[in-house]
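Proteins come first, then strands; the chains are lettered A, B, ... in the order of their sequence lines, and each starts at number 1. As a basis for the values below, the full set of heavy atoms in this structure was taken, side chains included, without hydrogen atoms, waters or symmetry mates.
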Amino acid sequence: MRFRDYLSLFLVIILGFIIFQAFDGTIDNGLNIKQFGEVNLSERTSIHYINKDVNNESTQIIYNESKNPESGSANYVTSIIANYRALDTLGEITVLFIAAAGLAFVLGDHNKNNAFASDASFIVKIGVKILFPLLFLLGIYIIIHGHLTPGGGFQGGAVIATAILLKFLAYKDYKLNHTGLTILESFAGISFLIIGLIGLYTDGSFLTNFLANGTIGTLFSAGVIPIIYILIGIKVGAELSGIISNLINA
Amino acid sequence: MAFLNQWAYIGGSIILILIGLFGVLTRRNLIKIVVSIGIMDTGVNLLLVSLGYINGGLAPILTATNPTNNLNFVDPLPQALVLTAIVIGVAILALALSIVIKIYENNNTLQIDEIRGLKL
């Protein structure tokens, strides 16, 4: 190790102590951070998300019984991502789009050959043939059940992109239709915006839930949340597949 | 064991952040720098999630076995933010790798001290 490495180690350890102090719940540092696991949720904003009473309409929420709660998703994380903070999510998929576009711009044309010299072995090809539809189906399931079970648009989109990656690993001549990907991506993004604008027109605020929420916990419930998550799934799947294709053909 | 319960998550994720920072500061290979950034990303995500943990808490999803909102759910807000951060992290890594590919094509090396203009 050279002198610079020792200096870096020294600086990193000092920084570590500073960060550690900030998150140390046992001392009073004015940041009001509790000890690990001792969080009192009733002091946090999240309690309103869990009770679904951000608009002060507090009711008891019961799975498979409560009708038309404030946000109809049984998965609280989904209700935050696609409902309470949907505007953040719109910004986030914009970031993802800009990163994918920047990657395509930096790498240039995608008509070069695959990075692999030959096809993978027979076993890999047959395995991919079996796995590809199953993985695709799993991705679609995760996207559609995003408001009921763990998962959603981002995770399902990533699973779909994994299926595409398997195709790339097995066949050296596999190509994605980039025009189709662009159309899918633009369709999903524009539909997301249009859903937001419909909410602005009918209820007076952008991306508000303008459909009936239904019974919590059923597949056809939660208003616009499943629609938004399906659109996010399409967009993330198309963008990650495009990123994989661009990187492999670089 | 009480010490481990208290600090395994917060301390461990801070150590991950520092490992990533140390890698960014000292490594010369561009791929290793990108990997270090990925490790930092993971550390930050773990730190955020562990800030919302509650002892004995349940996953914040209403199911047939956890049917009401009065149960001891963990904080869903950090989880939602981390879900966002993970996707952004993937985008950042992909963009960084594409720039690394272009640097390699132009300079035929990944060592930052051999690239002209970046002499250390």
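Listed options B/T63, B/N66, B/I101 were ranked by heavy-atom pairs under 4.5 angstrom with chain A; first place goes to B/T63. Among B/A96, B/A8, B/A59, B/A91, the residue making the largest number of heavy-atom pairs under 4.5 Å with chain A is B/A91. Interface check for chain A: of the options B/I15, B/L25, B/I54, the most heavy-atom pairs under 4.5 Å are formed by B/I54. For the set B/T68, B/I88, B/L18, the entry with the most heavy-atom pairs within less than 4.5 Å of chain A is B/L18. Interface remark: of the candidates B/L47, B/L71, B/N72, B/L47 forms the most heavy-atom pairs closer than 4.5 Å to chain A. The most heavy-atom pairs under 4.5 Å with chain B, out of A/I50, A/T78, A/I62, come from A/I50. Taking chain A as the reference chain and counting heavy-atom pairs below 4.5 Å, the highest number among B/T26, B/I99, B/V74, B/I86 is found for B/T26. With chain B as the partner, the residue from A/V12, A/I98, A/L96 showing the most heavy-atom pairs under 4.5 Å is A/V12. The choice from A/I81, A/I47, A/V236, A/D88 that makes the most heavy-atom pairs within less than 4.5 Å of chain B is A/I81.
Within the 4.5 Å cutoff, no side-chain heavy atoms of A/F154 are placed close to those of B/T84. Residues B/S98 and A/N246 are not in side-chain contact: their nearest non-hydrogen atoms beyond the backbone lie 4.5 Å or more apart. Residues A/R85 and B/L77 form a side-chain contact, since some pair of their non-hydrogen atoms from C-beta on lies under 4.5 Å apart. B/P60 has its side chain out of reach of A/N75: every pair of non-hydrogen atoms, C-beta onward, lies at least 4.5 Å apart.
Residue A/I80 touches chain B through its side chain alone, counting heavy-atom pairs closer than 4.5 Å. Only the side chain of A/L240 comes within contact range of chain B, with at least one heavy atom under 4.5 Å from a heavy atom of that chain. Only the side chain of A/I216 comes within contact range of chain B, with heavy atoms under 4.5 Å apart. The part of B/I14 that comes within reach of chain A is its side chain, from C-beta onward, which places non-hydrogen atoms under 4.5 angstrom from that chain. Neither the backbone nor the side chain of A/E239 comes within contact range of chain B, judged by heavy atoms closer than 4.5 Å. For a residue to count as touching a neighbouring chain, one of its non-hydrogen atoms must lie under 4.5 Å from one of that chain's; by this rule A/Y49 touches chain B with the side chain only. Contact annotation for B/A64: both backbone and side-chain heavy atoms come within less than 4.5 Å of a heavy atom of chain A.
Within 6.0 Å of atom OH in B/Y53, more than 12 heavy atoms from other residues, nucleotides or ligands are found, so the atom counts as buried in its surroundings. Open room surrounds CZ on A/F97; 12 or fewer heavy atoms of other groups in view lie less than 6.0 Å from it.
Rounding to the nearest 0.5 angstrom, the gap separating the CD atom in B/E105 from the CG atom in A/L107 is 8.0 Å.
A/Y229 and B/L83 get closest at one heavy-atom pair: OH-CD2, 3.9 Å. In terms of heavy-atom proximity, A/Y76 sits nearest to B/P76 at CB-CB, 3.9 Å. What you find for A/A99 and B/L95 is that their closest heavy atoms are O-CD1, 3.8 Å.
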